[in-house]
Student: 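Okay, here's the structure, questions in a sec.
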Amino acid sequence: MRQSRHVGRTLREVPKDAQTAAHSLMLRAGCIQQLSAGVYSYLPLLHRTLNKIAQIIREEMTRAGSEELLMPALQPRELWEESGRWERYTAVDGIMFAFKDRRGSTSCLGPTHEEVVTEILRREINSYKDLPKCVFQIQTKFRDEIRPRFGLMRAREFIMKDAYSFDADDAGLEASYEAMRQAYHRICQRVGYKYRAVEADSGAIGGSGSSEFMVLADTGEEVVLFCDRCEYAANQEKAASKLEQFAPDTAQAPMEEVFGEGLIGVERLAKFLQIPVWKTTKTLIYEADEQTVAVMVRGDCDVNEIKVANFLGCRALKLASAERIKGLTGAEVGYAGPIGLPAGVRVMADQDVNGRVNFECGANKTNYHNINVNFVRDLPLPEFGDFKLAKAGDGCPHCAGRLQAARGIEIGHIFKLGTKYSGAMGCTYLDTNGKTRTVVMGCYGIGVSRMAAAWIEQSHDAKGIIWSPQIAPYHVHLTPLNLEDETVRGQAEALYERLQSEGIEVLYDDRPLRAGEKFSDADLLGLPIRLTLSKRTVEAGQIEFKRRTDAKPELLSADDAIARIREICGL
RNA sequence: CGGAGCGUAGCUCAGCCUGGUAGAGCGCCAGCUUUGGGAGCUGGAUGUCGCAGGUUCGAAUCCUGUCGCUCCGACCA
C-alpha cells in the first residue's frame with residue numbers, strides 16, 4: 001500500500017480523550033476514529049490487524065473441530081423471553097440495546113448469542129447420533145455499557161468470536177471444553193501474548209465452570225491471583241484463599257461494650273482495643289433484591305460481593321445506604337455488628353470469622369464496639385460460607401504457597417454452560433434408550449477488537465506501537481528518503497514491487513517528507529521491520545534494515561533483507 | 001443512576017469571570033531555502049463559537065432548555 005493513498009493520518013498531539021496507552025496510540029497512529037461514545041470505526045491499518053487476529057482464531061477453532069457460521073445481530077425479544085434473560089438484560093442490567101420496530105415488535109442487538117445458537121441447533125439435533133456439535137462466529141456485538149472507556153477496551157460495539165458446543169452429557173462437555181481451552185492457549189501463544197489462564201466466576205451467562213484468558217498489563221481492569229508454588233490461578237472475583245490462622249484464646253471472656261469514638265478502620269480500632277486485627281470483624285449490610293443481609297468477614301479481609309451474590313442467588317446486591325444502615329442498626333455507618341439486628345436481617349459470615357474466641361465486632365451503637373464476643377453464647381451461629389475477597393499474600397487454597405497478584409485484561413472467557421439454555425429452550429435429543437435428554441452446552445468467547453487493544457497495551461514504547469509480525473498490519477514499512485532523487489525513487493519503486501511479488505506485505509511511504517517525519521511515523525505505526533533507501537544506501541549498494549525493536553539499523557543486500565524478513569515473519 | 005466538567009479552525013487549546021461581532025500553536029495551501037529523526041523564511045486560506053430559545057442596542061461571553069462527549073462515584077464498617 002502506498003502511504004500517499006492510505007487513510008488514517010497520524011496525529012502528533014495526544015488526543016485528550018485517551019486514558020490508556022493503547023487508546024492513545026491507536027488514535028495517534030490512525031487506527032481508529034471515534035464515532036460516538038464507545039463506538040469506533042476501524043480504519044484500514046487496524047482492520048488488517050483485526051483480520052489477522054480473526055484468521056488465527058479461525059484456524060484454531062477449525063483445528064479444534066468447530067465450524068464457522070454467522071448469526072443475526074438483530075434478535076427478537078421472544079427468544080430472550082424464552083431463555084428467561086430478557087428482563088435481566090434490559091430492565092435490570094440494561095446492558096442490551098432494545099427497541100421497537102415499525103410494526104411495534106421489540107428487537108434487540110445481541111450482546112451474545114446463546115439464544116440464537118440454541119434455536120438453530122435445537123432444530124438440528126434429534127438423536128445422540130447428531131452430537132457433538134460445535135459452531136463459532138466472528139461478529140460485531142453490542143453492549144450498552146454503563147461507562148464505555150479506554151477506546152476499544154470497553155466499547156459499546158465490538159468484534160467478538162463466540163463459539164458454542166453441544167454435547168450429549170457432561171463427559172462430552174468436558175471434552176469440548178478442553179478442546180476449546182487448548183485452542184485458546186494456542187491463539188494466545190500464536191499472537192505472542194504474555195498471558196495467564198485463570199479460574200473465573202461465570203457471571204450473568206451462568207453455568208458451572210469457567211476460565212478466563214488474561215493478557216497481563218499494568219493497566220488491566222482485572223486482578224488475577226496466582227500461586228507462587230503451584231498452578232493455581234484465579235480471577236480475584238473468584239479466587240479462594242487460606243488466611244493465616246492464629247491460636248485462639250483458651251477461655252471465653254465476658255462480652256463487653258467498649259466506647260471508642262470515631263474508630264472506623266480496623267487498624268486504628270485494633271490498636272485502640274489492644275487486640276490483633278484478626279480478632280476484629282467487619283459487618284457489612286447489603287440489600288440483596290428484596291432481602292437485607294449482614295455479611296461478616298475477619299477484620300483483615302474484605303467482602304467478595306460476587307461470592308455473596310452467588311451464594312444468595314440474588315440478581316442485585318448492593319451496599320445499604322447510610323440512612324438504611326442507621327434505620328437497621330440504630331448507629332451511624334461504621335458500627336454495624338451481628339448482635340441485635342432486626343429479625344428480618346439474614347446474617348452470613350465468612351468461614352474464617354469462625355474458630356475465633358473473644359472476637360470484636362460493631363455494637364450497632366455509634367462509637368461502640370463489642371469485644372470478647374463468642375458465637376453460641378452471645379449470638380446464634382450465622383450462615384457460614386466463603387465470602388472473603390482473596391488478596392495477594394494470602395495462602396494458596398491448594399498448597400502451602402502464597403498468592404501473588406497481577407493486573408490483566410480479559411480477552412477470552414470460556415464457560416461450561418450445562419443445560420441452562422438448552423433446558424429453557426427445549427434443545428433435546430433421544431438417547432440410545434429412546435429417552436429424551438437435554439443437550440449440554442458450552443460457550444467460548446474471545447474479544448477480537450479487545451485483543452488488538454490488549455496487544456498494544458502490552459507492547460509499546462514511548463514512540464509508538466510495537467506490533468508482532470503475526471498481527472502487524474503489514475510486515476514491512478518501506479521508508480525511502482530523498483525521493484526527489486531519480487535513482488532512489490526508481491530503486492524504491494522496484495523494491496516495493498519485489499517485496500509484494502514475494503508475498504511480503506509492505507506499507508510504502510512514498511510521501512515526499514523529511515526523514516524525521518517518516519521515521520517518527522514508522523515508530524508510531526510500529527510495523528515489525530523498517531527498510532530505508534536513500535542516496536547513502538544507493539551509493540553503498542545496500543538497503544537499511546531495522547527491526548522496530550532494534551535501536552540502530554544495519555546495511556544488508558536486498559536478498560539478505562528479504563531472507564531476514566521471511567525468517568522474522570515466518571513466511 | 002448520581003455527581004462533576006467540557007463542546008470555539010483539521011488537531012490541541014486561549015478568549016467567557018467583567019457582553020462590543022474571534023485568536024494562538026500545530027496542521028493545510030503557494031513560493032523560496034533546506035534535506036537522515038517532525039527545519040527556516042515570506043505570503044495565504046479556514047469558523048453557523050454544539051443546537052434552540054431568552055435577556056440586551058449588541059451574546060462565544062449572561063439566563064433557560066436541549067444534544068453530544070469526558071471524568072468521577074458507596075472512604076468497606
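Throughout, a chain's letter reflects where its sequence line sits, starting with A, and its residues are numbered from 1. Computed from a prediction, not measured in an experiment: that's the story for all the values here.
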Student: CZ of A:Arg9 versus C1' of B:G27: gap in Å, rounded?
Tutor: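 Interatomic distance, CZ of A:Arg9 to C1' of B:G27: 7 Å.
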Student: Can a salt bridge be assigned to the pair A:Arg12 and A:Glu517 using a cut-off of 4.0 Å between side-chain N and carboxylate O?
Tutor: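 No, A:Arg12 and A:Glu517 are not salt-bridged.
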Student: Would you call A:Asp521 and A:Lys518 a salt bridge, taking side-chain N to carboxylate O under 4.0 Å as the test?
Tutor: no
Student: Hydrogens and angles aside, do A:Thr90 and A:Arg77 bring a side-chain donor and acceptor to less than 3.5 Å of each other?
Tutor: no
Student: Can you find a donor-acceptor N/O pair under 3.5 angstrom joining the side chain of A:Glu13 to the base of B:G27?
Tutor: no
Student: Would you say A:Arg12 places a side-chain N or O within less than 4.0 Å of OP1 or OP2 belonging to B:G27?
Tutor: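 It does, given that an N or O in the side chain of A:Arg12 lies less than 4.0 Å from OP1 or OP2 of B:G27.
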Student: Could you tell me how far B:G25 sits from B:G43 if I compare only their P atoms? Round to whole Å.
Tutor: 13 Å
Student: When the distance from CG of A:Leu284 to C1' of B:C75 is rounded to whole Å, what number comes out?
Tutor: 12 Å
Student: With heavy atoms under 4.0 Å as the rule, sort A:Leu513 into base, sugar-phosphate or nothing.
Tutor: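 No contact at all - A:Leu513 keeps every heavy atom at 4.0 Å or more from the nucleic acid.
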Student: Name the nucleic acid region contacted by A:Arg147, choosing base, sugar-phosphate or nothing; use a 4.0 angstrom heavy-atom cut-off, strictly under.
Tutor: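 Base contact.
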Student: Which nucleotide, if any, forms a Watson-Crick or G-U wobble pair with B:U48, using both distances under 3.5 Å?
Tutor: none
Student: How long is the line joining CG of A:Leu524 and C1' of B:G37, in whole Å?
Tutor: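 After rounding, the gap between these two atoms is 14 Å.
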Student: Which part of the nucleic acid, if any, lies within reach of A:Tyr335 when heavy atoms closer than 4.0 Å are counted: base, sugar-phosphate only, or nothing?
Tutor: sugar-phosphate
Student: Does the base of B:U34 carry an N or O that pairs as donor and acceptor with the side chain of A:Arg514 under 3.5 Å?
Tutor: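 Such a pair is found, so the answer is yes.
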Student: So A:Val333, base contact, sugar-phosphate only, or nothing? Heavy-atom distance under 4.0 Å.
Tutor: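 A:Val333: base contact, heavy atoms under 4.0 Å.
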Student: Roughly how many Å apart are B:U46 and B:C28, using the C1' atom of each and rounding to a whole number?
Tutor: 9 Å
Student: Give me the distance, rounded to whole Å, that separates B:A74 from B:C69 when you measure between the C1' atoms they each carry.
Tutor: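 B:A74 and B:C69 have their C1' atoms separated by 26 Å.
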Student: Could you check how far NE2 of A:His23 sits from P of B:C71, rounded to whole Å?
Tutor: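 Taking atom P of B:C71 as the reference, NE2 of A:His23 is at 9 Å.
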Student: Students often get this wrong, so: under 4.0 angstrom with heavy atoms, is A:Leu269 touching a base, only sugar-phosphate, or nothing?
Tutor: nothing
Student: Starting at CG of A:Asn370, measure out to CG of A:Asn364 and round the result to the nearest 0.5 Å.
Tutor: 8.0 Å
Student: When all nucleic acid strands are considered with a 4.0 Å heavy-atom cut-off, which category describes A:Ala336: base, sugar-phosphate, or nothing?
Tutor: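 Nothing: the residue A:Ala336, judged by heavy atoms under 4.0 Å, touches no strand.
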Student: Rounded to whole angstroms, how far apart are CG on A:Leu35 and C1' on B:U70?
Tutor: 16 Å
Student: I need the CD1-P distance between A:Ile95 and B:C1, as an integer number of Å.
Tutor: 13 Å
Student: Rounded to the nearest Å, what distance is computed from the CD atom of residue A:Gln33 to the C1' atom of nucleotide B:G10?
Tutor: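 After rounding, the gap between these two atoms is 11 Å.
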Student: Answer with base, sugar-phosphate or nothing: what part of the nucleic acid does A:Gln34 contact at a heavy-atom distance below 4.0 Å?
Tutor: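 Sugar-phosphate, backbone atoms only, no base.
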Student: One thing to verify: whether A:Arg48 and A:Glu505 come together as a salt bridge, which I'm taking to mean a side-chain N less than 4.0 angstrom from a carboxylate O.
Tutor: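 The answer is yes: the pair qualifies as a salt bridge.
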Student: Determine the contact category for A:Lys318: base if any of its heavy atoms lies under 4.0 Å from a base atom, sugar-phosphate if only primed atoms, P, OP1 or OP2 are that close, otherwise nothing.
Tutor: base
Student: Are A:Glu221 and A:Arg154 close enough for a salt bridge, meaning some N to O gap below 4.0 Å?
Tutor: yes
Student: Please measure how far the P atom in B:C71 lies from the corresponding atom in B:U56, and state the result in whole Å.
Tutor: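 Roughly 40 Å separates the two P atoms.
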Student: Closest to the A:Asp302 side chain: B:U35, B:C69, B:C76?
Tutor: B:C76
Student: In the strands shown, is B:G5 matched to any nucleotide by a Watson-Crick or G-U wobble pair with both distances under 3.5 Å, and which?
Tutor: B:C69
Student: Under 4.0 Å, counting only non-hydrogen atoms across every strand here, what does A:Ser36 touch: a base, just sugar-phosphate, or nothing?
Tutor: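 Since only primed, P, OP1 and OP2 atoms lie under 4.0 Å of A:Ser36, the category is sugar-phosphate.
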Student: Considering only the P atoms, how many Å lie between B:A30 and B:C67, rounded to the nearest integer?
Tutor: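 Straight-line distance between the two P atoms is 44 Å.
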Student: Rounded to the nearest 0.5 Å, how far apart are CZ of A:Phe150 and CD of A:Gln19?
Tutor: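 If we round to the nearest 0.5 Å, A:Phe150:CZ and A:Gln19:CD are 7.0 Å apart.
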Student: For B:C51 and B:G68, measure between their C1' atoms and round to the nearest Å.
Tutor: 10 Å
Student: State the pairing partner of B:G53; accept Watson-Crick or G-U wobble contacts with both distances under 3.5 Å, and report none otherwise.
Tutor: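 Pairing partner: B:C63.
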Student: Nearest-Å distance, CD (A:Gln19) to P (B:C72)?
Tutor: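 Taking atom P of B:C72 as the reference, CD of A:Gln19 is at 6 Å.
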Student: Side chain of A:Arg530, heavy atoms from C-beta onward: which of B:G37, B:C26, B:G38 has the nearest atom to it?
Tutor: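 Nucleotide nearest to A:Arg530's side chain: B:G37.
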Student: What interatomic distance, in whole Å, is found between P of B:A60 and the corresponding atom of B:G53?
Tutor: 14 Å
Student: Over 60° means perpendicular and under 30° means parallel, so classify the ring planes of A:Phe387 and A:Phe311, tilted if in between.
Tutor: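 It falls in the perpendicular class, over 60°.
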Student: Which of these nucleotides, B:C76, B:G37, B:U35, is closest to any side-chain atom of A:Glu305?
Tutor: B:C76
Student: For B:G23 and B:U70, measure between their P atoms and round to the nearest Å.
Tutor: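 The answer is 31 Å between these two P atoms.
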